[in-house]
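Just so we're clear, the structure is a prediction, and the values are computed from it rather than from any experiment. Whatever order the structure lists ligands and atoms in, that order sets their numbers, starting from 1. Computed over heavy atoms, backbone and side chain alike; hydrogens, waters and symmetry mates excluded.
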Amino acid sequence: MSDTPEPDVRGTLPVSHARRHAYLLVLVVLPLLALGAAVCAAWGRGVGPRDLMIFLVMYTVSIFGISVGYHRLLTHRSFKCARPVRAALAVAGGLALQGPVTLWVAEHRRHHKYSDGPGDPHSPWAYGESGLGLLRGLLHAQAGWFYTARRRSSRAHWAPDLLADPGIRRLDAAYPLVAAASFLLPAALGGVLSQSWAGFWSALFWGGLVRYAVVHHVTWSVNSLAHSFGDRPFTTRDRSTDLRWVALLTFGEGWHNWHHAEPTCARHGVLKGHHDPSAVLIRALERLGWARDVRWPDPARLAARLADTPADPSAKAA
Ligand SMILES: [Zn+2]
Ligand SMILES: [Zn+2]
């Protein structure tokens, strides 16, 4: 994975050796160790109902934070909302431990600009079309690029709107605190509910460490699997797909083909049976008066995109 194809793309900056090794540790090795430990622990002792409940609460907050906060609100501006709601969604995204919001947004906007072509930070097709190339590409898209990429997206280039927002800049600066809270909140909850240190440590493991590893790999499946396998009901220039089980785990983000067709649309699951809990949450915020100017799907554009689709979608994907 050392020779990642990296064209000279505008809006990127070199990453130091030390930082790449830090990414390797925090974003690749630690989550894998946590998942391995989780399998061993679940095999040996199972997961108690208290830890399971804390895991699910933290998972739900993290996934909504990424899908509704980092992604639909702050990257694609699919809706507007009051500052406290915007701040709450951004903090929830931070709890997923996928980096400060401006860096996440910069990488994702570059992904949309160059999707599955030279310049995409994490296309599973980066190593070609062969079976081995795709396998290598899937590993690259899932987590390998955190280490192998020698250049990062420039926040000044890709996210100047966010950098101009003092609230977002403060949140970026407070990211280490948010990261600490991502572990301490579930641990404290476990300690209080159990009235014991054993409950504290066990909730730190399941609701902190294991949840962070699961949330990472579930989110990154959108980058890898939802650009490789699944249906392509809409015409796009990239290879984005719809994958039902990824959509289920990511609260709607796995309906990735429509998302690439209409990136600013607040709803990703637009076809019959395409459930999208993130869109349900945005609708609820809208009804409460906490979200406004929501970009819901335009039926005419949707119909046009479907009508454009060739009989054999794979022919368009090439
Ligand atoms: Zn994508
Ligand atoms: Zn997107």
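- Put simply, the angle at the Zn ion (ligand 2) from NE2 in His71 to NE2 in His76 is close to 90°, to the nearest 10°.
- In summary, His260 places no N/O/S atom under 2.8 Å from the Zn ion (ligand 2), failing the contact criterion.
- With a 6.0 Å cutoff to the six-membered ring centre and a 45° limit on the axis angle, Arg211 does not count as a cation-pi contact of Phe55.
- Between Arg239 and Asp120, none of the side-chain N atoms (NZ, or NE/NH1/NH2) sits under 4.0 Å from a carboxylate O, so this pair counts as no salt bridge.
- Annotation: cation-pi pair Arg86/Trp290 absent, no NZ/CZ under 6.0 Å from the ring centroid and within 45° of its normal.
- Residue contact annotation: His259 places no N/O/S atom under 2.8 Å from the Zn ion (ligand 1).
- Within the coordination shell of the Zn ion (ligand 2), defined by N, O or S atoms under 2.8 Å, His111 is absent.
- Looking only at atom types and distance, the side chain of His76 has a donor-acceptor partner in the side chain of His71 under 3.5 Å away.
- Using cut-offs of 30° and 60° for the angle between ring planes, the Phe200 and Trp197 rings count as perpendicular.
- At least one N, O or S atom of His227, from either the backbone or the side chain, sits less than 2.8 Å from the Zn ion (ligand 1).
- With the Zn ion (ligand 2) as vertex, His108 NE2 and His112 NE2 subtend 90°, rounded to 10°.
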